[in-house]
Amino acid sequence: MRMIFLGPPGAGKGTHAARVMQLYGIPQISTGDMLRQAIRAQTPLGLEAKRYIDAGELVPDEVVIGMVRERLAQQDCQLGYILDGFPRTVAQAEALAVFAPIDLVLNIDVLDEQIIRRLSGRRVCPGCNGTFHLATLADAHTCPTCSAQLVQRKDDEPATVLNRLRVYREQTQPLIDYYRARGLLKTVSGEGSIEESFDNVRRALGLAQA
Ligand code: AMP
């Protein structure tokens with residue numbers, strides 16, 4: 001199965017993609033994670049990407065398209081993949097169509113106020129890459145999985161979140177119509193708890209309850 005998880009920042013794309021990856025045994029390809037990894041490794045690509053990410057803007061299409069094209073050519077993608085956070089523009093979708101087939105696009109729908117609440121309370125673990133929310137953490141500073149110090153992503157700070165939402169509306173939302181017109185789109189509600197919205201994802205993908 002070759003899938004795209006589409007939706008605004010904070011919709012739960014990464015969380016659900018990680019679970020589906022386990023169930024299907026296919027890789028989750030998160031362009032956000034790949035870019036953050038490049039920033040940590042201080043590669044030329046990472047250094048270029050950092051200023052866009054920190055401002056809540058999109059990294060230029062040609063940079064991200066090249067990165068995904070290389071990743072999808074790897075052996076572990078031959079049986080399928082979940083694209084998480086790519087494509088984010090119509091130009092990226094058009095490029096993708098040339099080098100990779102897609103069976104399904106899952107659009108995870110969440111209201112703006114919920115997104116702002118989720119992103120402003122999100123904390124991530126640089127140790128195990130886990131994602132948490134202040135509302136469910138007993139200790140706001142310590143990773144419950146590996147005890148590393150939790151941090152707030154710079155692009156989850158309030159001013160940047162608003163910009164990311166604007167960028168999403170202007171540049172990524174048109175993909176909903178793009179994929180609907182191609183008969184590939186399924187939309188699910190991403191409101192409510194992770195469990196509730198994962199149930200919607202599971203049903204849309206025809207996965208049996210665990
Ligand atoms: P994410 O972790 O998916 O929220 O992505 C974090 C940031 O990485 C985004 O706000 C963009 O700056 C950048 N990014 C991730 N994926 C893409 C993409 N497909 N195209 C352009 N920029 C991207």
Side-chain angles (χ1 to χ4, degrees), residues 2-18 20-21 27-41 43-72 81-100 102 105-110 112 114-126 128-133 151-176 178-179 190:
R2 295 152 301 192
M3 295 180 261
I4 293 170
F5 279 16
L6 195 64
K13 298 185 296 292
T15 304
H16 297 318
V20 173
M21 167 176 80
Q28 168 189 13
I29 299 178
S30 157
T31 42
D33 282 350
M34 290 165 85
L35 292 166
R36 282 185 289 276
Q37 172 64 40
I39 292 173
R40 279 196 295 275
T43 66
L45 187 149
L47 294 177
E48 187 189 352
K50 185 173 179 348
R51 59 197 168 101
Y52 296 100
I53 295 181
D54 285 352
E57 298 289 336
L58 294 184
V59 174
D61 285 335
E62 61 277 12
V63 173
V64 193
I65 290 167
M67 199 175 75
V68 173
R69 190 202 304 260
E70 255 179 44
R71 179 66 186 88
L72 291 183
Y81 36 81
I82 311 160
L83 289 170
D84 156 17
F86 181 93
R88 260 177 155 100
T89 64
V90 171
Q92 291 178 16
E94 285 171 345
L96 179 70
V98 174
F99 64 80
I102 293 297
V105 178
L106 191 74
N107 174 38
I108 306 175
D109 199 26
V110 181
D112 281 8
Q114 170 93 257
I115 291 168
I116 292 168
R117 213 172 315 127
R118 285 184 188 176
L119 294 186
S120 55
R122 179 159 75 176
R123 294 295 180 271
V124 294
C125 176
C128 66
N129 216 19
T131 298
F132 306 95
H133 194 279
V151 294
Q152 181 174 39
R153 274 170 50 172
K154 192 162 168 36
D155 59 344
D156 281 347
E157 289 170 10
T160 316
V161 165
L162 292 180
N163 197 38
R164 288 166 71 197
L165 271 175
R166 182 188 58 76
V167 166
Y168 170 76
R169 298 278 171 248
E170 288 175 12
Q171 302 197 52
T172 308
Q173 201 158 271
L175 291 177
I176 294 177
Y178 177 93
Y179 284 116

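The figures here come from the full heavy-atom set of this structure, side chains too, leaving out hydrogens, waters and symmetry mates. Every number for a ligand or one of its atoms is a count from 1 in the order of the listing.
Among protein heavy atoms, atom 13 (C) of ligand 1 sits closest to Leu35 CD1, 3.6 Å. The protein heavy-atom contact nearest to atom 10 (O) of ligand 1 is Arg164 NE, 4.0 Å. Considering only non-hydrogen protein atoms, atom 22 (N) of ligand 1 sits nearest to Val59 N, 3.0 Å.
Each of the following atoms of ligand 1 lies closer than 4.0 Å to a heavy atom of Arg153: 1 (P), 2 (O), 4 (O), 6 (C). Ligand-side atoms of ligand 1 in range of Val64: 18 (C), 19 (N), 20 (N), 21 (C), range being under 4.0 angstrom from any heavy atom. Those atoms of ligand 1 that come under 4.0 Å of a heavy atom in Thr31, given as number and element, are 15 (C), 16 (N), 17 (C), 19 (N). With ligand atoms numbered from 1 in the order given, ligand 1 contributes 11 (C), 12 (O) to contacts under 4.0 Å with heavy atoms of Glu57.
Residue Arg36 holds the heavy atom nearest to atom 6 (C) of ligand 1 of all those in Gln92, Met34, Arg36. The option with the heavy atom closest to atom 9 (C) of ligand 1, from among Lys13, Arg88, Gln171, Met67, is Arg88.
Inclusion of Gly85 in the set of residues having an N or O under 3.5 Å from an N or O of ligand 1 is warranted.
Donor-acceptor pairing under 3.5 Å is recorded for the side chains of Gln173 and Arg169.
Each of Asp84, Asn129, Ile82 was evaluated against Ser30; a single residue qualifies, Asp84, per the side-chain contact (heavy atoms from CB on, under 4.5 Å) test.
With a 4.0 Å heavy-atom cut-off, ligand 1 is reached by the side chain of Asp155 but not by its N, CA, C or O.
The shortest heavy-atom contact between Val63 and Glu48 is CG2-OE1, 3.9 Å.
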